[in-house]
Protein chains: 2
Amino acid sequence: MFIEIETNSAVPIYLQLAQSIIEGVAKGELKPGDSLPSVRAFAADLGMNMHTVNKAYHYLEEKEFIQIVQKKGVFIHENGVRLASPSDRDRLKKELRPIVAEALCLQLSNEDLEQLVRDLILKIKEGE
Amino acid sequence: MFIEIETNSAVPIYLQLAQSIIEGVAKGELKPGDSLPSVRAFAADLGMNMHTVNKAYHYLEEKEFIQIVQKKGVFIHENGVRLASPSDRDRLKKELRPIVAEALCLQLSNEDLEQLVRDLILKIKEGE
DNA sequence: CCTTTGTTCTACTAATAATAGAACAGTCTT
DNA sequence: AAGACTGTTCTATTATTAGTAGAACAAAGG
């Protein structure tokens with residue numbers, strides 16, 4: 001699994017890491033039950049701090065994408081690939097709203113937006 | 001124009017304000033050339049600091065949604081409602097990507113996503 | 001027994017968010 | 001000409017977040 005971290009990005013690196021893992025699940029590269037590296041190993045691999053990886057893991061645990069098992073390790077949550085719950089949908093809506101508003105100002109039509117989403121899905125699934 | 005600011009939100013209030021203004025433009029309540037309140041008046045109205053409103057204004061100026069005219073005031077940019085430029089599209093894509101990845105994990109189909117976007121457009125245009 | 005696991009603790013630096021008040025140089029109205 | 005108003009700039013302070021660092025802990029597992 002290839003993970004690129006942009007140090008200069010405005011997006012915190014723990015979030016970039018979490019999003020990379022989510023993309024891994026999205027493209028099927030990571031499947032429910034799969035184990036993730038230990039916080040120490042991952043940190044060494046990515047050149048970041050153990051606590052930063054830990055932060056990404058807990059962020060993902062709260063969203064129920066991974067499961068942290070005490071003293072054993074971290075795994076893709078059995079329910080990681082699931083049908084969106086109402087709270088899942090609410091979360092997506094809140095995140096999506098400002099982007100849609102901006103798209104309206106930029107006069108993107110429904111078709112434009114759909115095309116944009118399709119492009120992204122392809123990029124995510126094919127990797128970049 | 002009704003603006004709600006959630007103090008307890010993880011989203012900084014200057015960003016909430018900026019997004020509210022973008023929504024105002026999106027729904028046509030604010031039109032190119034319209035003037036916005038002075039930083040002082042807006043701050044007093046919203047119960048926040050002058051510098052915080054100023055920060056929101058500069059955030060919007062960088063995105064070319066408003067125009068700040070020295071010693072005169074702030075106005076919706078003449079080019080505020082425009083056809084998306086390539087850099088506009090790139091910006092939208094970057095913001096959209098992690099959300100689309102999450103949606104894939106939550107097994108949302110293209111139709112689900114389109115429906116979600118349609119709902120949001122309605123809510124934004126009708127106001128909440 | 002020893003390594004590995006995530007956890008917890010303290011500590012520190014840097015950046016961001018938010019507030020506060022004052023002063024400045026122009027614009028605009030009266 | 002006076003006075004109110006504009007965004008800007010300056011210094012200051014507080015709180016939170018991001019990130020790093022190192023040590024210690026308890027339990028799982030070979």
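Chain identifiers are assigned alphabetically (A, B, ...) following the order of the sequence lines, protein sequences preceding nucleic acid strands; residue numbering begins at 1 within each chain.
- To the nearest 0.5 Å, atom OH of residue A/Tyr14 and atom CG of residue A/Leu60 are 10.5 Å apart.
- Closest heavy-atom contact between A/Ala101 and B/Ala26: O-CB, 3.5 Å.
- When all heavy atoms of A/Val53 and A/Phe42 are compared, the pair lying nearest together is CG1-CB, 4.0 Å.
- Atom CG of A/Asn54 is separated from atom P of C/dC9 by 13 Å (rounded to the nearest Å).
- The cluster map of Ile, Leu, Val, Met, Phe, Trp and Tyr, joined by side-chain heavy atoms under 4.5 Å apart, puts A/Met50 and A/Val69 in different clusters.
- Scored by the side-chain contact (heavy atoms from CB on, under 4.5 Å) test, B/Ser87 finds B/Ser85 as partners (sequence neighbours excluded).
- Applying the side chain to side chain donor-acceptor pair (under 3.5 Å) rule to pairs touching residues 17-45 of chain A yields A/Glu23-B/Arg97, sequence neighbours excluded.
- Scanning for side-chain contact (heavy atoms from CB on, under 4.5 Å) contacts around A/His58 gives A/Asn54, A/Glu61, A/Ile68, with sequence neighbours left out.
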### Message
At under 4.0 Å between heavy atoms, how does the protein contact nucleotides 11-20 of chain C? Give one character per nucleotide, 5' to 3', with B, S or -.
### Response
------SSBB

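- Fit an axis to the five pairs at each end of the helix from C/dC1-D/dG30 to C/dC24-D/dG7 and the two axes sit 30° apart, to the nearest 10 degrees.
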### Task
Verify side chain to side chain contact (heavy atoms under 4.5 Å, CB included) between A/Val25 and A/Phe65, making sure each step is shown before the conclusion.
CA-CA 9 Å; A/Val25 177; A/Phe65 284 126; 5.6 Å; no

Only pairs under 3.5 Å count here: list side-chain donor-acceptor contacts from residues 4-11 of chain A, not counting sequence neighbours, and write none if there are none.
from   : atom 1 : to      : atom 2 : distance (Å)
A/Ser9 : OG     : A/Val11 : N      : 2.8

### Query
Would A/Leu46 and A/Ile13 count as a side chain to side chain contact (heavy atoms under 4.5 Å, CB included) if you check the C-alpha gap in whole Å, the side-chain angles of each, and the deciding distance to 0.1 Å?
CA-CA 10 Å; A/Leu46 297 172; A/Ile13 59 179; over 6 Å; no

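- Applying the side-chain contact (heavy atoms from CB on, under 4.5 Å) test to A/Leu113 and every residue at least two apart in sequence or in another chain returns A/Ala103, A/Leu108, B/Val117.
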Do any side-chain atoms of residues 74-84 of chain B form donor-acceptor pairs under 3.5 angstrom with protein atoms, and if so which ones, sequence neighbours left out?
from    : atom 1 : to      : atom 2 : distance (Å)
B/His77 : ND1    : B/Asn79 : N      : 2.8
B/Arg82 : NE     : B/Asp88 : OD2    : 3.1
B/Arg82 : NH1    : B/Glu64 : O      : 3.0
B/Arg82 : NH1    : B/Asn79 : O      : 2.9
B/Arg82 : NH2    : B/Lys63 : O      : 2.9
B/Arg82 : NH2    : B/Asp88 : OD1    : 3.3

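- The stretch residues 35-43 of chain A touches DNA chain C through A/Ser38, A/Val39, A/Arg40, each having a heavy atom under 4.0 angstrom from the strand.
- Between B/Leu36 and B/Tyr57, the shortest heavy-atom distance links the atoms CB-OH, 3.5 Å.
- For residues 114-126 of chain A, every residue pair satisfying the side chain to side chain donor-acceptor pair (under 3.5 Å) rule, not counting sequence neighbours, is listed here: A/Gln115-A/Arg118, A/Gln115-A/Asp119.
- From the 5' end on, the contacts that DNA chain D makes with chain B at under 4.0 Å to a non-hydrogen atom open and close at D/dT6 to D/dC10.
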Report each atom pair, protein N/O against N/O of nucleotides 26-30 of chain C, whose distance is under 3.5 angstrom.
from   : atom 1 : to      : atom 2 : distance (Å)
C/dC28 : OP1    : B/Lys72 : NZ     : 2.8

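- Minimum interatomic distance between B/Ile21 and B/Leu30 (heavy atoms only, all atoms of both residues): O-CD1, 3.9 Å.
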